[in-house]
Amino acid sequence: MDNLSLRRALYQDPSRVSAQQLSDDPQLAQLQQELLQQDQWCKQLLNVDVPAQLADRILLQQRLQPVRWYRRPWPYASAAALLLSLWFWQAQPPALSADLGQQALGHVYHELAALGATTPLNADSVQPLFAEIGVTAALTMPVVYARFCHFEGVRALHLVLEIDGQPLTLFVLPAQPGLPDTSASQFADARFFGKSVTTARHHLVMVAEQPQLLAQIGPALLKSLKFNI
Amino acid sequence: MNSAQQRYEALVRAYTADLYRYAWWLCRSASIAEDLVQDTFLRAWKSLPQLQEAGAAKAWLLTILRHENARRFERKQLDYTEVEQDSLVDTSSPSPEHAVATDRLHRLLLNLPQDYREPLVMQLLFGMTGDEIATVLGLNLNTVNTRLFRGRAQLRAQLQPDYPDGVSLHG
């Protein structure tokens with residue numbers, strides 16, 4: 001390495017040039033010593049005081065950081081799945097409005113024992129129930145079961161009437177936003193047949209095991225009910 | 001404690017002091033240097049998976065710190081005290097002449113153009129090679145060597161004006 005290259009190397013980093021390389025040039029050896037001394041002074045100056053416990057403060061700050069979702073994905077994934085499920089069920093139209101008949105059938109099966117009732121209820125005890133939902137009834141057939149139930153939060157009167165020895169279930173519920181507007185619809189499953197009728201402010205849902213019973217009693221039943229509100 | 005947390009703590013313990021000193025010489029303010037180091041480590045925590053090799057940690061952290069410093073300038077150029085003498089320590093002054101020379105060198109270092117000061121600080125503070133400095137600064141090795149050369153030569157020329165050794169600063 002020539003003199004100029006050595007000089008350049010010394011200024012670039014005096015500690016990386018060996019004394020042996022400079023043995024033939026006392027001037028360069030002297031320059032190296034001076035630059036090393038200069039570097040030593042610089043290092044002392046660069047070595048400024050570090051604030052006490054700075055590392056601890058940095059670690060504390062890091063621990064107080066909100067946890068990123070991708071560092072702990074499972075709790076966040078679970079929460080997201082839960083929210084998605086809630087949204088899905090919220091987004092679904094109420095089952096009632098989707099299928100009033102299926103709701104009615106569900107209630108019939110839930111109160112299946114009511115179909116076996118044979119003792120007629122006193123008209124005085126039934127009328128107040130009708131009154132509660134704004135209906136005046138002048139039923140010509142005996143009522144053997146009467147109770148309030150709920151169709152997706154809508155209070156409904158669940159009745160079992162006896163017609164020619166056969167039970168017929170009748171639900172009367174006030175019309176609500178979200179309930180179907182269809183004037184009449186039919187439904188059935190393997191055991192029961194049903195028919196729903198919508199008046200201005202009420203829904204009537206009839207369920208029986210014999211379809212002819214529905215056809216037979218439907219119009220008369222409608223005539224016997226007076227919808228006050 | 002998980003392995004990421006352990007790695008992070010090891011980084012903080014190992015490099016906080018030197019990063020702070022580097023930041024101090026970068027911005028010449030104790031409070032800004034402290035903020036820079038804290039921001040640097042926070043960003044390092046968020047990007048920890050990017051650090052694949054322990055040997056690359058020093059350069060990686062320096063790169064983050066320089067970016068954070070650049071972001072500071074993007075946001076707003078803050079006012080700061082030019083020199084915070086209180087934070088300087090001189091614990092080994094053997095003589096008044098040495099103290100005078102050290103004080104003078106300190107001013108020279110502060111006034112050295114940043115292009116020259118930055119690689120010099122990396123070399124002296126972190127013991128980084130020219131290649132490592134080139135990587136962090138995004139320069140080629142020749143440019144880094146030239147800046148180291150000019151920085152040292154400028155300091156020497158101003159420290160020892162009576163003893164020119166004939167080196168051209170344009171070398």
Side-chain angles (χ1 to χ4, degrees), chain A residues 1-18 22 25-75, chain B residues 2 4-5 8-9 12-18 20-22 24-25 30 33-34 37-38 40-42 44-46 84 86-93 98 101-102 105-106 109-110 120-121 123-125 127 129-130 144-146 148-153 155-156 159-160 163 165-167 171:
Chain A
M1 196 180 286
D2 62 24
N3 182 286
L4 185 60
S5 300
L6 280 171
R7 192 175 294 272
R8 286 188 62 85
L10 283 172
Y11 274 94
Q12 285 162 10
D13 189 351
S15 66
R16 289 182 184 268
V17 180
S18 69
L22 307 174
D25 192 332
Q27 272 193 333
L28 284 183
Q30 175 67 21
L31 175 63
Q32 183 185 37
Q33 291 308 308
E34 290 173 5
L35 287 173
L36 286 172
Q37 180 65 62
Q38 179 178 301
D39 276 5
Q40 190 57 37
W41 288 351
C42 284
K43 283 181 185 175
Q44 288 176 16
L45 290 172
L46 294 175
N47 195 28
V48 295
D49 276 350
V50 178
Q53 299 176 322
L54 178 57
D56 290 329
R57 287 206 300 277
I58 290 168
L59 289 172
L60 179 65
Q61 191 183 31
Q62 173 255 331
R63 284 179 182 150
L64 294 177
Q65 283 284 298
V67 177
R68 300 274 162 170
W69 68 269
Y70 49 79
R71 293 190 187 276
R72 293 184 186 170
W74 290 115
Chain B
N2 61 35
Q5 184 67 34
Y8 181 72
E9 286 207 19
V12 172
R13 301 280 180 210
Y15 292 110
T16 292
D18 280 344
Y20 173 82
R21 292 181 180 120
Y22 177 80
W24 194 99
W25 282 96
E34 189 170 334
V37 175
Q38 294 198 4
T40 297
F41 275 114
L42 274 185
W45 167 245
K46 292 169 186 169
E84 294 186 6
D86 291 346
S87 61
L88 297 178
V89 177
D90 181 8
T91 57
S92 58
S93 298
H98 177 91
T102 303
L105 180 61
H106 176 235
L109 261 179
L110 284 171
L120 198 57
V121 172
Q123 190 183 65
L124 295 177
L125 202 57
T129 65
V144 169
N145 283 335
T146 299
L148 286 168
F149 172 92
R150 289 180 179 173
R152 270 200 183 82
L155 287 177
R156 178 174 163 75
L159 266 179
Q160 302 182 326
Y163 302 99
D165 59 15
V167 173

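Per chain, numbering begins at 1; letters A, B, ... match sequence-line order. In what follows, every heavy atom counts, from backbone to side chain, and hydrogens, waters and symmetry copies are set aside.
Closest approach of Pro51(A) to Glu34(B), counting heavy atoms only: CG-OE1, 3.6 Å.
For chain A, the nearby part of Leu109(B) is the side chain; its heavy atoms alone come within less than 4.5 Å. Interface remark: Thr129(B) contributes backbone and side-chain atoms alike to the contact with chain A (heavy atom separation under 4.5 Å).
Most heavy-atom pairs under 4.5 Å with chain A: of the set Val12(B), Asn145(B), Leu155(B), this distinction falls to Asn145(B). Note: Leu124(B) leads Leu125(B), Leu124(B), Leu148(B) in heavy-atom pairs under 4.5 Å with chain A.
Listed by chain and residue number, Gln38(B), Leu42(B) satisfy the side chain to side chain contact (heavy atoms under 4.5 Å, CB included) test with Gln61(A) (two or more places apart in sequence, or in another chain). A search for side chain to side chain contact (heavy atoms under 4.5 Å, CB included) contacts involving Asp13(A) returns Ser15(A), Arg16(A), Gln123(B), Arg152(B), not counting sequence neighbours.
Between the side chains of Gln38(A) and Glu34(A), no donor-acceptor pair is found at a separation under 3.5 Å.
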